[in-house]
2 protein chains.
Amino acid sequence: MSIRLAIIGYGNLGRGVESAIRQNPDLELVAVLTRRDPDSVTLLTPGIKVYPMEAAESLKDQIDVAILCGGSATDLPVQTPQLAGLFHVVDSFDTHAKINAHFAAVDAVAKAAGKVGIISVGWDPGMFSLNRLYANAILPEGKDYTFWGKGVSQGHSDAIRRVPGVQNGKQYTIPVDAALESVRAGKSPDFTTREKHIRECFVVAAPGADKAAIEQEIKTMPNYFADYDTIVHFISEEDLQRDHSGIPHGGFVIRSGQTGLSGESKHVIEYSLKLDSNPEFTASVLVAYARAAFRLGQTGESGCKTVFDIAPGLLSLQSAAELREHLL
Amino acid sequence: MSIRLAIIGYGNLGRGVESAIRQNPDLELVAVLTRRDPDSVTLLTPGIKVYPMEAAESLKDQIDVAILCGGSATDLPVQTPQLAGLFHVVDSFDTHAKINAHFAAVDAVAKAAGKVGIISVGWDPGMFSLNRLYANAILPEGKDYTFWGKGVSQGHSDAIRRVPGVQNGKQYTIPVDAALESVRAGKSPDFTTREKHIRECFVVAAPGADKAAIEQEIKTMPNYFADYDTIVHFISEEDLQRDHSGIPHGGFVIRSGQTGLSGESKHVIEYSLKLDSNPEFTASVLVAYARAAFRLGQTGESGCKTVFDIAPGLLSLQSAAELREHLL
């Protein structure tokens with residue numbers, strides 16, 4: 001029998017989850033819930049029903065795990081605890097400063113309902129977090145580095161588009177090669193913000209806009225760009241659509257550390273991702289953890305978890321013996 | 001109260017464990033067990049007692065976790081099941097073809113004794129296995145690659161030293177850069193053995209030995225070298241001692257895969273290690289899993305486990321809330 005999944009919120013991430021489910025023969029999409037008018041939503045998969053959010057309670061016995069695909073700012077803080085009373089839930093909550101509060105809210109509801117909630121699943125937080133944890137546990141004496149990119153930052157792209165005279169724009173975060181190389185060489189350097197990442201902007205100026213003023217305003221924008229070396233290219237809307245419509249991302253988690261009686265041996269642990277589609281990859285991680293949530297529920301577990309609490313074997317369709325034989 | 005650890009077998013790996021324990025304030029080395037004459041063994045840590053293997057039973061109440069540092073060929077198949085009747089145990093068993101048999105042997109004894117055994121801990125099997133598992137669970141449609149090196153292969157170094165006329169020798173396994181690059185580019189190539197790794201040998205010839213014959217015999221040795229591009233350098237014993245006495249190793253686990261409704265988005269997940277000391281790094285992984293074995297035991301778990309069965313958070317000295325706050 002398949003594990004019955006629902007998608008909560010049908011944007012880029014929701015569509016990614018829909019595609020990812022199709023790659024996993026033990027998983028089945030049974031419903032999409034949306035705050036929009038259900039009739040206005042067209043799925044990639046024919047035959048799957050779209051419900052309004054208010055229908056959640058009535059679907060209690062038809063859904064095993066709900067995968068929440070809303071935003072961390074306003075959607076997930078409300079939806080994840082709420083739905084954890086009805087289904088096992090998995091979300092990609094990524095507001096680092098509020099993770100423990102979100103954890104507590106989900107934990108209380110999930111425990112009371114006998115459900116499992118796994119929060120902050122994706123690649124950062126998620127796979128990057130796991131790699132920070134493993135590397136820190138193995139090399140207690142050492143130093144952590146996280147680099148992001150090359151990839152599109154939605155927040156910085158939005159900031160560009162708010163500049164007067166800007167018609168459209170996209171921002172790429174790019175790790176500085178020299179910084180990466182010095183970390184890989186085990187030199188344990190300290191970096192300024194500027195030394196780690198470059199920000200590259202592709203901007204479509206409105207007709208007649210002052211490009212020099214736009215460039216100046218972007219480059220000096222506090223928090224977003226002022227602390228970085230920022231490159232601004234002006235291009236046409238047509239070129240932006242053709243060359244910059246993807247949502248690639250990725251990055252590097254590196255820990256360098258030392259072992260031996262007096263720290264004489266140096267080691268470098270590196271994990272990296274190169275992703276054509278940030279939302280589709282995040283969705284694929286969510287779907288694997290939905291399997292784990294269901295399995296934990298089957299063993300009688302309940303309450304809120306993070307990737308740190310989930311034994312890796314629970315993510316795989318293969319049995320423990322198969323995993324030992326093929327992947328160990 | 002500290003977790004009380006014992007080292008079983010005091011070679012390179014055992015010394016690595018001894019150093020690693022000192023980096024972890026919650027762990028305490030309380031005993032070393034050896035098959036040699038205990039009086040002939042001098043530890044790096046003053047004040048720790050060395051016992052003969054036969055003393056294991058008498059130490060039942062003084063040791064929480066035994067870390068086995070013997071070889072996979074003959075030591076661990078006997079010692080790990082035996083000691084799992086007395087203590088929690090962790091080993092680095094790495095004979096891939098026999099892992100399920102070893103698992104069953106340890107499982108039976110550990111369950112009967114109410115102990116936890118974690119086998120095949122290290123970097124391959126170990127951290128590399130974990131990365132294969134995570135990447136496969138996230139990207140079910142894709143292809144796995146494992147590259148080893150640059151590093152010293154003990155088995156191949158031994159094979160060189162058995163060639164007539166060879167006085168000493170060391171072999172490095174080196175991944176082929178072009179192969180790595182083509183995998184990273186998401187091209188999902190198929191490789192022959194020769195295309196993935198180079199074997200580089202540093203050989204000290206005995207006085208008067210026929211170097212051309214030695215080189216020919218090494219390069220054509222079945223299984224070990226015949227299927228590879230092999231480079232042979234003749235050097236002096238002095239140079240070998242000076243430049244090649246370390247035991248570095250490392251490697252790369254890469255999975256490339258695709259997502260999207262028709263596989264239109266490509267992704268590359270890469271994990272790599274660059275290790276000055278293979279045994280010290282393996283030891284550091286063993287020590288982190290010793291902590292996990294103890295904690296699992298505290299919750300009433302018993303039986304054999306692998307890295308696939310261990311929730312990552314159990315490896316860390318930090319509490320779950322601290323981990324969520326600092327590393328998630």
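A quick note: this is a predicted structure, and the numbers were derived from the prediction, not measured. Note: hydrogens, waters and symmetry copies are ignored here, and every other heavy atom, side chains too, is used.
- Here B:Phe147 pairs with B:His197 under the ring-ring contact (aromatic ring centres under 6.0 Å, His included) rule; sequence neighbours left out.
- With chain A as partner, the option from B:Glu18, B:Arg15, B:Arg184 having the largest number of non-hydrogen pairs under 4.5 angstrom is B:Arg184.
- Looking at A:Leu139, the atoms closer than 4.5 Å to chain B (heavy atoms on both sides) all sit in the side chain, from C-beta outward.
- Here A:Ser262 pairs with A:Glu264 under the side-chain contact (heavy atoms from CB on, under 4.5 Å) rule; sequence neighbours left out.
- Atoms CG and NE2, on B:Leu273 and A:His267 in that order, are 10.0 Å from each other to the nearest 0.5 Å.
- With B:Phe103 as the aromatic partner, A:Arg324 meets the cation-pi criteria of under 6.0 angstrom to the ring centre and within 45 degrees of the ring axis.
- For B:Ile310, the part lying under 4.5 angstrom from a heavy atom of chain A is the backbone only.
- In terms of heavy-atom proximity, A:Ser284 sits nearest to B:Ile138 at CB-O, 3.2 Å.
- Residues that satisfy the ring-ring contact (aromatic ring centres under 6.0 Å, His included) test with A:His244, not counting sequence neighbours, are A:Tyr172, A:Phe202.
- With a 4.5 angstrom heavy-atom cutoff, B:Leu323 touches chain A via backbone and side-chain atoms both.
- Of residues 290-302 of chain B, not one residue has a non-hydrogen atom less than 4.5 Å from any non-hydrogen atom of chain A.
- For B:Thr306, the part lying near chain A is the side chain, with the backbone staying farther off; criterion is any non-hydrogen pair under 4.5 Å.
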